[in-house]
Amino acid sequence: MKAAIITIGDEILIGQVVDTNSAFIAKSLDKIGVEIPEMISISDNKQHILDTFLKFQNKVDLVLITGGLGPTKDDVTKKTFCDYFEDELVVDEKVLQHVTQLIEGFYKRPITQINKDQALVPSKCTVLHNQVGTAPGMWMKKENTVFISLPGVPYEMKYLVENEIIPKVVREYNRPYIIHKTILTYGQGESLVAERIENWENNLPDFIKLAYLPSPGRVRLRLSAKGTDKEFLETSIAKNVISLSKIIGDIIVGFDDDETIETVVGHLLKQQNKTISTAESCTGGKIAQVLTSVPGASKYFKGSVVSYATETKITILGLSEELIKEHTVVSAAVVKQMAINVKSIMKTDYAIATTGNAGPTKGDSNAEVGMVFIALATPNEVIVEEFDFGQPREKVIDRTVIKSMEMLRKEILKNL
């Protein structure tokens, strides 16, 4: 079973709004075995919309459209639906009642004609009730393709996908199973990982596909299997994951997209009842942000000192001016003392400290752009590593964060 996704809106095409709706819809459909061969963004233009409908007609089973359902004049989707299906707009009394209750009951203001027009829908459509907004979804079939129109507001779109569309597709269509398993690796680049697992990859069965999903400091390996026997697919994937773990177990830190390295580190810290703090210079608090992005991080994260300026390293972290003058702010000696001091100030078991030159120009030292020092204070010692992360600035910061998390995970695992 196949589906295409269309997002409508000039704001997407000019980069003013990032299209997150397509990603959510695609992920939701994939979970129930619907393949997505194409997704596209188009302008709020009637003829462009009609041409796109024709493009997908009888080529896919479902076409999901988001956007263009608002009350303003530039929202043209409903009228275009009527043209495409040779239909006319009529008032849906249930939608009108809901809109009236929402406007007059919740927002406490008189309903206007523009609000009432939200209840206009093509007479032949199946209305998808939007409990959290005023624009209803619409489900219409032409020949072998169902067209589903959804509001562009993300939380309204998500409500309709989860509560109306997915249950309806599951009820009305027979679908294959699509099983994914993502293996999260850190510390080695895509080419090196590929070289290590070449023989394993060559021996994968035909119904299992491998995709490399690289990003700075990490590579996700996604295994995908498609078929009609769910148990067989899951067993086959699990068997191949076990054999993969025997080859690159040293760099595997977790599984599935939601199991990031910060999530793994958080689990380990909670498991051992240990705490951590950070003292950040060149990373500007990003390590703290990553650590606290995990729900329940307050159990192990105690705080951070963002000592971006040299003065803050002295007045807040307590580093001596003599140490900084002797070694400069971007040095092993300074980052080591930063880690020791923040660990003492926050009274934690572990502490991470960073200092470096992320660029684009040199700061309070003569260190080259890209040079970074990371210190990890553990219950037993302080480990300092030096790196040259090159350029640009964003890459230096991101790689510093990732390497810090790798160092932390490695040391925590030694105490298991």
Side-chain angles (χ1 to χ4, degrees), residues 2-30 34-89 92 95 99 114-115 117-130 132-143 145-166 168-169:
K2 296 181 179 181
I5 301 171
I6 304 171
T7 49
I8 298 175
D10 295 336
E11 67 277 8
I12 295 172
L13 297 175
I14 64 173
Q16 188 176 33
V17 173
V18 176
D19 173 24
T20 58
N21 285 357
S22 292
F24 179 85
I25 295 169
K27 193 170 184 178
S28 300
L29 291 174
D30 179 78
V34 179
E35 181 183 347
I36 313 294
E38 188 171 353
M39 57 177 66
I40 186 172
S41 295
I42 61 176
S43 65
D44 283 299
N45 177 275
K46 179 180 176 181
Q47 190 57 51
H48 198 172
I49 296 171
L50 289 172
D51 290 343
T52 307
F53 284 6
L54 284 171
K55 173 185 176 180
F56 292 118
Q57 181 68 58
N58 298 326
K59 302 293 193 305
V60 295
D61 302 286
L62 304 173
V63 176
L64 291 94
I65 308 107
T66 67
L69 286 181
T72 54
K73 291 182 179 179
D74 65 334
D75 292 310
V76 299
T77 303
K78 283 196 288 190
K79 294 177 182 177
T80 306
F81 254 56
C82 285
D83 286 350
Y84 190 72
F85 287 92
E86 298 179 348
D87 200 357
E88 62 180 358
L89 293 174
D92 185 287
V95 174
V99 172
I114 288 180
N115 299 136
D117 287 347
Q118 290 284 64
L120 290 172
V121 297
S123 67
K124 301 174 186 176
C125 84
T126 298
V127 175
L128 305 175
H129 183 57
N130 181 4
V132 296
T134 58
M138 301 179 296
W139 176 297
M140 300 186 75
K141 186 172 184 178
K142 185 172 184 177
E143 298 173 2
T145 303
V146 169
F147 292 80
I148 305 168
S149 182
L150 299 165
V153 180
Y155 72 88
E156 295 186 33
M157 175 276 301
K158 289 178 181 179
Y159 174 85
L160 286 170
V161 169
E162 292 174 340
N163 295 277
E164 297 285 341
I165 294 169
I166 296 301
K168 189 173 176 63
V169 172

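- Proximity of D83 to K46: side-chain heavy atoms (C-beta onward) are separated by under 4.5 Å at one or more points.
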### Intermediate values then yes/no, side-chain contact (heavy atoms from CB on, under 4.5 Å), D61 and E35
CA-CA 10 Å; D61 302 286; E35 181 183 347; over 6 Å; no

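- Using a 4.5 Å heavy-atom cutoff, the side chains of I40 and K55 are in contact.
- How far CG of N58 is from OG1 of T145: 4.5 Å, rounded to the nearest 0.5 Å.
- Figure legend: K141 and F147 shown without cation-pi pairing, the cationic atom not lying both under 6.0 angstrom from the six-membered ring centre and within 45 degrees of its axis.
- The distance from the CG atom of L50 to the OH atom of Y84 is 8.5 Å, given to the nearest 0.5 Å.
- Contact check for V121 versus P136: side-chain heavy atoms found under the 4.5 Å cut-off.
- For the atom pair OG1 (T134) and CD1 (I114), the distance works out to 11.5 Å, reported to the nearest 0.5 Å.
- Contact check for D44 versus I8: side-chain heavy atoms found under the 4.5 Å cut-off.
- If you take NZ on K158 and CG on N21, they are separated by 8.0 Å, rounding to the nearest 0.5 Å.
- Using a 3.5 Å distance cut-off with no hydrogens or angles, the side chains of T66 and T7 do not pair a donor with an acceptor.
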### Task
Assess whether side-chain contact (heavy atoms from CB on, under 4.5 Å) is satisfied between Q118 and K78, documenting all intermediate values.
CA-CA 10 Å; Q118 290 284 64; K78 283 196 288 190; 4.3 Å; yes

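- Under the side chain to side chain contact (heavy atoms under 4.5 Å, CB included) rule, L160 has a single partner from M157, E164, E162, which is E164.
- D87 and K124 get closest at one heavy-atom pair: OD2-N, 2.7 Å.
- A donor-acceptor pair under 3.5 Å links the side-chain atoms of T77 to the main chain of G67, judged by distance alone.
- In this structure, OG in S22 is found 9.5 Å from CD1 in I36, a value given to the nearest 0.5 Å.
- Expressed to the nearest 0.5 Å, how far OG1 of T126 lies from NZ of K168 amounts to 5.0 Å.
- No more than 12 heavy atoms of other residues, nucleotides or ligands sit less than 6.0 Å from atom NZ of K2.
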### Query
Step by step, would you call Y159 with N130 a side-chain contact (heavy atoms from CB on, under 4.5 Å)?
CA-CA 7 Å; Y159 174 85; N130 181 4; 4.3 Å; yes

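- Side-chain contact between L29 and L64: present, with at least one pair of heavy atoms (C-beta onward) separated by less than 4.5 Å.
- Less than 6.0 angstrom separates the ring centroid of F81 from the ring centroid of F85.
- E156 places no side-chain N or O within 3.5 Å of a backbone atom of L150 that could act as its donor or acceptor partner.
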### Task
Check the pair L128, I148 against side-chain contact (heavy atoms from CB on, under 4.5 Å), reporting the backbone distance first and the verdict last.
CA-CA 9 Å; L128 305 175; I148 305 168; 3.9 Å; yes

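- Heavy atoms only, all atoms of each residue included: V60 and P37 are closest at CG1-CG, 4.1 Å.
- Residues S41 and I12 share a closest heavy-atom pair of OG-CG2, 3.7 Å.
- Here the closest heavy-atom approach between residue I5 and residue A26 is recorded as CD1-N, 3.7 Å.
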